[in-house]
Amino acid sequence: MMLSSLAEREGLDTKEARDVATVTVAAIRGLLLQEVLTPGTCSEDAVALILRMREG
């Protein structure tokens, strides 16, 4: 709900804000799982890509 609320403040409608929040949480979960399964992998590029997704 917090991410969805932040996305709405950025000007997205309710459904799009919820979708953006869902995708963001899924991406973060995937990165955490990757870190658990293969510790020490370099995921900075993936994090930067996730953060840039909304900029474009």
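Residue numbers start at 1 and run along the sequence shown.
Between S4 and A21 the shortest heavy-atom distance is N-CB, 3.6 Å.
By the 4.5 Å heavy-atom criterion applied to side chains, V20 and L3 are not counted as neighbours. The shortest distance between side-chain heavy atoms of T14 and R18 falls below 4.5 Å.
With sequence neighbours left out, Q34 forms a side-chain hydrogen bond (donor to acceptor under 3.5 Å, both in side chains) with T41.
Within the structure, side-chain hydrogen bond (donor to acceptor under 3.5 Å, both in side chains) pairs that include any residue of residues 21-33 do not occur (at least two apart or interchain).
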